[in-house]
Amino acid sequence: MAVGRFYITTPIYYVNDAPHMGTSYTTVNADALARWHRLIGDETKFLTGTDEHGMKIAETAEKHGVSPQAWTDATSARFEEAWATLNISQDDFIRTTQARHYETVGTFLTKIYENGYIRKDTYRGLYCVGCEDYYTQDQLVDGKCPSHNRELVEMEEDNYFFELSKFEDRLLEWFEANPAAIQPASKRNEALSFIKGGLKDVSITRTSISWGIPVPWDEGHVFYVWYDALINYLTAIGYGRDEAEVEKWWPHVHHLIGKEIIRFHCVWWPAMCMAAGIDPPAHVFVHGWLLVGGKKLSKSMAADESAPVKLTDITPASLVEQFGVDPVRYYLLRNTPLGTDGDFSIEGITERYNADLANNLGNLVARLATVIGSKSGGRSPEPSETSELKDRAAEAVAQARDAWERFAPQEGLEATWRLIGAVNSALEVAEPWKAEPSPEVDAVLGSALEALRIITVLIWPAMPDTAQAIWGRIGLDGSPTDGGLDAQVLWGSAPQARVVTKGDPLFPRRKD
RNA sequence: GGGGCUGUAGCUCAGUCGGUUAGAGCAAGGGACUCAUAAUCCCUCGGUCGUGGGUUCGAGCCCCACCGGCCCUACCA
């Protein structure tokens, strides 16, 4: 059950890459979860942002003839725009180039340094001048740099190392004591077996680059990009600046991440927290990847039709333009359970759109409005206390609540769509369009409308615009979130005799 | 190469602790209906649970091998 407070984060996205459907997947899921928790009345903090340091950024900026800061200002803005397009409701958008982040990173890592978990050492390795980075022997292809195919040179550099190896036992204990800290279980096992395989200390600073956060106790060094990035979750709650805020939100955080960064979030990050003397994050939820199964996307989506289509080639804006924001959100949330890999295709989204949105939900809104218009004078009739739909609605609410609590938007929406099916089915049985206006007909239509009202509340976290639109059509003021879920899902709690209007189809059926 | 996750109906996915006849939605076929966006409702079809072994009274589930997909291997949700 809700603890009354909900802090959820996405990873911060690296600004060298444009926002695409992969990053959108994470962000939309986090947004819907945040919205659900706001709906049930939790004090909610939803954090996303951009990761802006590192050599690649500096290089790219130079190539464009601008300063790294100017470059990241421009690219970070693209993420904010993309999230606006997807109706993302973040409470805070963090950038690692902000002063507050420099401050928190300095405080946090100094703490680890003082606690004795950071040591200076000389890093010797094979260095690729093209990449300006080190490689290990087993990363090489034919003894050469995998991306530049050139010979590597033996080099050495003074680095600070985080003594990750000292945390093996403590991490294992933490995993043991907190079986639900990393979900799903399959991903937890993955992290666990990585730890059991033995941990090596990690190099966390560079002297060869300057676009990063300087090491407070040794000015010639900057922190390596991943080490400052993870700390953003603390920056946003004022670590080192506002202890009351930290108390309030930490460690009860929910990190939503993709499976490729398990290691950083489930091994490094908890160890870093331990080293700094704070509790590790309470919950890391790892989702899978959306895969494009070899099906060809339309020309407007892919730059080159002959090339294999990658998810990262699809921009949120192009999809939203084609389908609308809520259908895109719905598809991402509904089609694949969080935690396993899923399939992404234009055929898939079209199918969901037509079946779930146009035929089931959209058509229900339309048919109900029409029949209420002809049989109940266009005013919302009173729902029946003995309607079967009352029980079905309560059931859907309970199932949705349970599902969202478990980070399972897919199941929450499934439960909601079962209720939509029940309303369509109930109308079919009663056939109110055949009868003369009567109290019995009113009871049928009033109950169906009341169920639709509850459906509207339940879809709000996934499709806020659509929920608001239906809310208006069924004659209600304000928003489906007013007063919170418990109040809104009370059967018969809405004002009666409201004006119900039909309007244009919410989701016109698609022919493609 | 090494470490790991995964494979269930044409498609997308459930399947608890090993326990009767493996479920849902979509798609397909049939019927009903005509309020509604050719929508809706009811019924039906559809599975050698990747392959081959093993453990067990009993395996989709546990063990081994192999095959395919994917992630990590120190910058990709």
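Below, chains carry the letters A, B, ... as their sequence lines are ordered, and counting in each starts from 1.
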At under 4.0 Å between heavy atoms, what does [X] touch on the DNA or RNA strands: base, sugar-phosphate, or nothing?
X: Trp417(A); answer: nothing
X: Gly22(A); answer: base
X: Phe264(A); answer: sugar-phosphate
X: Gln410(A); answer: sugar-phosphate

Practice item. Tell me the partner of rG19(B), counting only Watson-Crick (N1-N3 plus N6-O4 or O6-N4) or G-U wobble (N1-O2 and O6-N3) with both under 3.5 Å; none if nothing fits. Key: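 rC57(B) is the nucleotide pairing with rG19(B).
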Check your understanding: Which nucleotide, in any strand shown, forms a Watson-Crick or G-U wobble pair with rC11(B), with both distances under 3.5 Å?
Key -> rG25(B)
Think [X] has a side-chain N or O under 4.0 angstrom from the OP1 or OP2 of [N]?
X: Asn335(A); N: rC13(B); value: no
X: Lys502(A); N: rU37(B); value: yes
X: Arg367(A); N: rA39(B); value: no
X: Lys434(A); N: rC35(B); value: no
X: Trp226(A); N: rC76(B); value: yes
X: Asn424(A); N: rA39(B); value: no

Point to revise | Centroid distance under 5.5 Å and plane angle under 30°, Trp289(A) vs rA77(B) | key: yes
Point to revise | Arg406(A) bridged to Glu411(A) by N-O distance under 4.0 Å | key: yes
Point to revise | Nearest-Å distance once atom C1' is located in both rA32(B) and rA38(B) | key: 16 Å
